[in-house]
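Heads up: the structure comes next, in structure tokens.
Any value given below was found using the heavy atoms of this structure, including those in side chains, with hydrogens, waters and symmetry copies removed. Each chain gets a letter, A, B and so on, in the order its sequence line appears, and its residues count up from 1.
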Amino acid sequence: MIGLKDKIANSIIDFLKQNNIDAKKEDILFMFKKPEKLEFGDIAFPVFRYAKDFRKPPVEIAEQVKGFFEANPLKEIEKIEVINGYVNFHISPQWMFEKLVKEFEEKGEDFYKSDVLKGKTFVVEFSSPNIAKPFSIGHLRSTVIGNFLRNLLKSLGANVIGINHIGDWGTQFGKLIVAFKLWGNEEELEKDPVKYMLSLYVRFHKEAEENPSLEDKAREAFLNLEKGSEEERKLWEKFRTLSLKEFEKTYKRLNVHFDKVLGEAFYSDKIDRVVKILEEKGLLEESENALVVKLDDYNMPPCLIKKSDGATLYATRDIAAAIYRKETFDFDRMFYVVGSEQKLHFKQFFKVLELAGFEWAKDMEHIDFGLYRFKDGKMSTRKGRVILLEEVLDEAVNRIKEIMNEKNPDLTEEERENVSEILGTGAIIFNDLKNDRIKDVQFSWDEVLNFEGESGPYISYSFVRCKGIFRKAEGIEESGKYTATHESEIALIKKLFEFKDIMLSAYNNRKSHFIANYLLDLTKSFTTFYHNCRVVGEDKGISSFRKMLVKLTMNTLKAGADILGMRLPDRM
RNA sequence: GCACCUGUAGCUCAGCAGGAUAGAGCACAGGAUUCCUAAUCCUGGUGUCGCAGGUUCGAAUCCUGCCAGGUGCACCA
């Protein structure tokens, strides 16, 4: 659509020039609007703002624009209508259809991929769970949003490095080490590592309330760890390995991939250099026995670089990580997919990097998101008030299995097993990505386990219908010859044609719900088509044309689902 | 206290680089299955777009103030 909009804008500029009005292309493109209703056409151009220049009512100006296009016609435009102050362009569905077919024939399943970001390197830091803490529903957000961005950027042609920035360093490990030494049991740890570590963690906080000296012990233990003390190191490694192994399972279920898994600990030997750099730039100050970079001039609290006991903080490690990544990957842009409660932290350390003279600090971006909360408050690992992700996934998968047993008992046990896994995990992923990430999400089992209407399975359902048609229509050859006879076919073509524009705005806004909502729209257009137009059993030309529409729909659904990181089944 | 985010139908949310009569899903009621799987579709109706001003030919959308909820504000991440 972008190329076409360009063309129309050029014509409008010519028209305005004839009337002694100068206009920039960007401004015209900016004014284009998508009409609210299908019958109003595909591109609307409001002319109200030219009423003064022309000294005429908008409707008359719109008529003149229409006249200009009729004198200088564009083949893509089927019809132009003037309604109120709008010039409504109706784009030829045949032209759109043929363009889609051509693209598909050239590129096949990669039809939606482009090279708008070709040659650009992106680093996406996401997921980043804390070792020794269970993977809660809260971690789901960073994981699926980051995975979505990684997929989207790739399909736009970018070189992407997705990094799982594991939280494997910090005072929390001091706590865990102390707790394990005091109350730990090797056997139980091996049995169910993460759950056991969580119980130790919870117990630590409970006992620390009575006995604050535990906190000091924890700080000491972490300091020992940083200094390389062998006893602490060994325990830490054990915790880390056991946790990672469990996370792997979850990532597999979620269809999430990383290019690098580099924990915070990885940067621990790169921190001295950071301190030195900041020192050389004269940014470091001692304050209350700690080393800080003051940010008063920027209306922010100081950024802590070293604690009064000499231990590092996560800001320090983040700075080291950023420098390392710039030097290693030479990124054009870096995304941090982290909750909005850390907004200030990112503002602070971005500013510190900028002050240290790293001009690429401007290329870093915090992709923030709201948190999952209960009706009556926040989730908290410390208090054990969490919903585990595995729990949610299992529940969804089980619920789907029940539905499948009831609706489709003909499938084999194995197939039902596989499909319910795909649908269940997909439902959870879709549910997370379908709303604007900026908003908090109220966790509700009813909402999460509702598979009707605007849900993951609804998307899957359409895809499965497409597959079904393909099985039934095996003998029919799909054809690029346009023979639309029903309005639902045209509506579907127009919706299919939007996909690439949607991908771009999803990228520009870094928001998954653009894609998710598009898929819902596409699905709705498809079901209307599905209920009105049969593929099998019609005249040859009509069947072939419709089969092509089904093929395009099927592949667009697949493409969108791939970008969201959601798998689709062939049957359900 | 200061900063940032959010406030749209009973509920969950789209729409918010100003533009046409503010839309979906859920829930509720009724209807559709000799036909590519009814996890579907069709029909029903709801709104002081948090409140008050301002900018504009035009504001849910932009600006200001207020209200409500959330988040953050030095040794946790």
Side-chain angles (χ1 to χ4, degrees), chain A residues 30-31 33 35-37 40 44 46 48-49 51-52 57-58 83-86 88 128 130 133 167 169-172 175 215 219 264 287-292 299-315 317-318 338-345 347-348 368 370-371 373 377-378 382 400 403-404 406-408 410 423 431 434-436 438-442 444 446-447 450-455 457-458 460-462 464-473 508-509 513-514 516-517 520-521 523-524 527-528 530-537 546-547 550 571-572:
Chain A
F30 202 69
M31 284 167 75
K33 204 198 163 239
E36 277 173 11
K37 289 182 179 174
F40 288 164
F48 303 96
R49 74 153 66 162
K52 274 181 193 155
I83 302 174
N84 299 329
Y86 293 90
N88 289 334
S128 314
N130 285 324
K133 281 192 200 171
W169 211 238
T171 319
Q172 48 173 329
K175 292 177 184 173
E215 298 274 2
R219 272 190 284 274
E264 291 183 64
S287 168
E288 297 169 35
N289 282 328
L291 284 179
V292 306
N299 228 341
M300 284 188 270
C303 183
L304 268 284
I305 300 298
K306 264 196 172 179
K307 300 203 282 190
S308 44
D309 62 10
T312 64
L313 284 129
Y314 75 131
R317 297 192 282 275
D318 271 341
V338 180
S340 21
E341 71 275 10
Q342 293 196 34
K343 230 173 174 169
L344 178 61
H345 161 67
K347 269 178 80 177
Q348 282 180 303
D368 61 336
L371 22 76
R373 46 182 34 270
K378 213 176 163 178
R382 291 185 185 194
I400 294 218
I403 298 173
M404 285 191 74
E406 186 191 313
K407 303 215 177 205
N408 207 343
D410 294 345
L423 285 180
N431 187 61
K434 77 173 176 188
N435 294 135
D436 195 334
I438 210 83
K439 296 191 180 178
D440 284 351
V441 183
Q442 200 181 91
S444 127
D446 283 347
E447 187 72 22
N450 177 20
F451 306 131
E452 275 162 24
E454 299 178 333
S455 67
Y458 181 58
S460 303
Y461 182 79
S462 283
V464 167
R465 292 291 77 78
C466 291
K467 284 279 179 187
I469 291 172
F470 258 66
R471 280 192 295 272
K472 291 273 174 173
N508 285 328
N509 293 283
H513 74 285
F514 282 62
N517 286 340
L520 289 170
D521 280 352
T523 291
K524 284 173 198 166
T527 34
T528 307
Y530 181 77
H531 280 271
N532 287 293
C533 301
R534 291 187 56 80
V535 174
V536 180
R546 288 182 179 167
K547 196 179 171 196
V550 174
R571 295 170 197 264
M572 64 191 271

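Atom-to-atom, NZ of A:Lys306 to P of B:C76 comes out at 15 Å; the value is rounded to the nearest Å. Rounded to whole Å, atom P of B:G18 lies 15 Å from atom CD of A:Glu36. Separating the CD atom of A:Gln348 from the P atom of B:C4 is a distance of 15 Å, rounded to the nearest angstrom. Counting to the nearest Å, the P atom of B:A14 and the CG atom of A:Asp521 are 14 Å from each other. The CD1-P distance, from A:Ile83 to B:U21, rounds to 11 Å in whole Å. Across the protein-nucleic acid pair, A:Asn435 atom CG and B:C26 atom P stand 15 Å apart, rounded to whole Å. Counting to the nearest Å, the P atom of B:U61 and the CG atom of A:Asn509 are 19 Å from each other. Here the P atom of nucleotide B:C26 and the CG atom of A:Leu520 are 11 Å apart, to the nearest Å.
Taking atom P on both B:A22 and B:A60, the two are 10 Å apart, rounded to the nearest angstrom. Between B:U48 and B:A3, the two P atoms lie 31 Å apart (nearest whole Å). Comparing B:U12 with B:G7, their C1' atoms are spaced 14 Å from each other, to the whole Å. Atom P of B:G45 sits at a distance of 36 Å from the matching atom of B:C63, rounded to the whole Å. Here, B:A77 and B:G18 have their C1' atoms 41 Å apart, quoted to the whole Å. The P atoms of B:G23 and B:U46 are separated by 13 Å, rounded to the nearest whole Å. Nucleotides B:A32 and B:G50 are separated by 42 Å at their C1' atoms, to the nearest Å. Comparing the C1' positions of B:C49 and B:U8 gives an interatomic distance of 4 Å, to the nearest angstrom.
Partners of A:Phe470 according to the ring pair (Phe, Tyr, Trp, His ring centres under 6.0 Å) rule, which considers only residues two or more places apart in sequence or in another chain, do not exist here. Every residue two or more places apart in sequence or in another chain that forms a side chain to side chain contact (heavy atoms under 4.5 Å, CB included) with A:Ala311 is listed here: A:Phe222, A:Leu223, A:Glu226, A:Lys307, A:Asp309. A:Arg49 meets the side chain to side chain contact (heavy atoms under 4.5 Å, CB included) test with A:Met31; sequence neighbours excluded. The side chain to side chain contact (heavy atoms under 4.5 Å, CB included) test applied to A:Ser287 returns A:Val292, not counting sequence neighbours. The ring pair (Phe, Tyr, Trp, His ring centres under 6.0 Å) check on A:His345 picks up A:Tyr314, A:Phe349, with sequence neighbours excluded. Legend: residues meeting ring pair (Phe, Tyr, Trp, His ring centres under 6.0 Å) with A:Tyr530, ordered by chain and number and at least two apart, are A:Phe526. Residues satisfying the side chain to side chain contact (heavy atoms under 4.5 Å, CB included) criterion with A:Glu215, sequence neighbours excluded, are A:Lys175, A:Phe204, A:Ala208, A:Arg219.
Rounding to the nearest 0.5 Å places CD1 of A:Ile469 at 8.5 Å from CZ of A:Arg534. The structure places NZ of A:Lys306 at 8.0 Å from OG1 of A:Thr312, a figure rounded to the nearest 0.5 Å. Between atom CG of residue A:Asn509 and atom CG of residue A:Asp436 there is a gap of 9.0 Å, rounded to the nearest 0.5 Å. Rounding to the nearest 0.5 angstrom, the gap separating the CZ atom in A:Arg571 from the CE atom in A:Met404 is 10.5 Å.
Other residues, nucleotides and ligands contribute only 12 or fewer heavy atoms inside 6.0 Å of the NZ atom of A:Lys347. More than 12 heavy atoms of other residues, nucleotides or ligands shown are found within 6.0 angstrom of CG on A:Asn508.
Residues A:Lys37 and A:Asn299 each lie close to RNA chain B; by heavy-atom proximity, the contact nearer the 5' end of the strand is made by A:Asn299.
Contact between A:Asn408 and A:Met572 at its shortest, heavy atoms only, is ND2-O, 2.7 Å. Taking both residues in full, the closest heavy atoms of A:Ser455 and A:Asn450 are given as CB-O, 3.7 Å, listed atom of the first, atom of the second, then distance.
Both key distances under 3.5 Å define a Watson-Crick or G-U pair, and stretches of 3 or more such consecutive pairs in RNA chain B run B:1-7 with B:67-73, B:10-13 with B:23-26, B:28-32 with B:40-44, B:50-54 with B:62-66.
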Under the side chain to side chain contact (heavy atoms under 4.5 Å, CB included) criterion, do A:Ser340 and A:Ile438 qualify, and how do the steps go?
CA-CA 8 Å; A:Ser340 21; A:Ile438 210 83; 5.8 Å; no

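A:Arg546 comes within contact range of no nucleotide atom at all, as no heavy-atom separation falls under 4.0 Å. Nucleic acid contact for A:Ser308: base, since at least one base atom lies under 4.0 Å from a heavy atom of the residue. Nucleic acid contact class of A:Ala315 (heavy atoms, under 4.0 Å, all strands): none. At the heavy-atom level, A:Pro58 lies nowhere under 4.0 Å from the strands shown. A:Gly170 comes within 4.0 angstrom of sugar-phosphate atoms only, judged by non-hydrogen atoms across all strands, and of no base.
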Reading nucleotides 69-74 of chain B from 5' to 3' and marking B where a protein heavy atom lies under 4.0 Å of the base, S where only the sugar-phosphate is that close, and - otherwise, the string is -SSSSB

List the protein contact pattern of nucleotides 33-41 of chain B with one symbol per nucleotide (5' to 3'): B for base contact, S for sugar-phosphate-only contact, - for none; contact means a heavy-atom distance under 4.0 Å.
--SBBSBBS

For nucleotides 6-11 of chain B, list the nitrogen or oxygen atoms of the protein found under 3.5 Å from its nitrogen or oxygen atoms, one pair per line.
from: B:G7; atom 1: OP1; to: A:Lys439; atom 2: NZ; distance (Å): 3.3

Atom pairs under 3.5 Å: protein N/O with N/O of nucleotides 55-59 of chain B:
from: B:C57; atom 1: OP1; to: A:Lys52; atom 2: NZ; distance (Å): 3.2

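Taking 3.5 Å as the limit, the base of B:A20 and the side chain of A:Asn88 contain a donor-acceptor pair of atoms between them.
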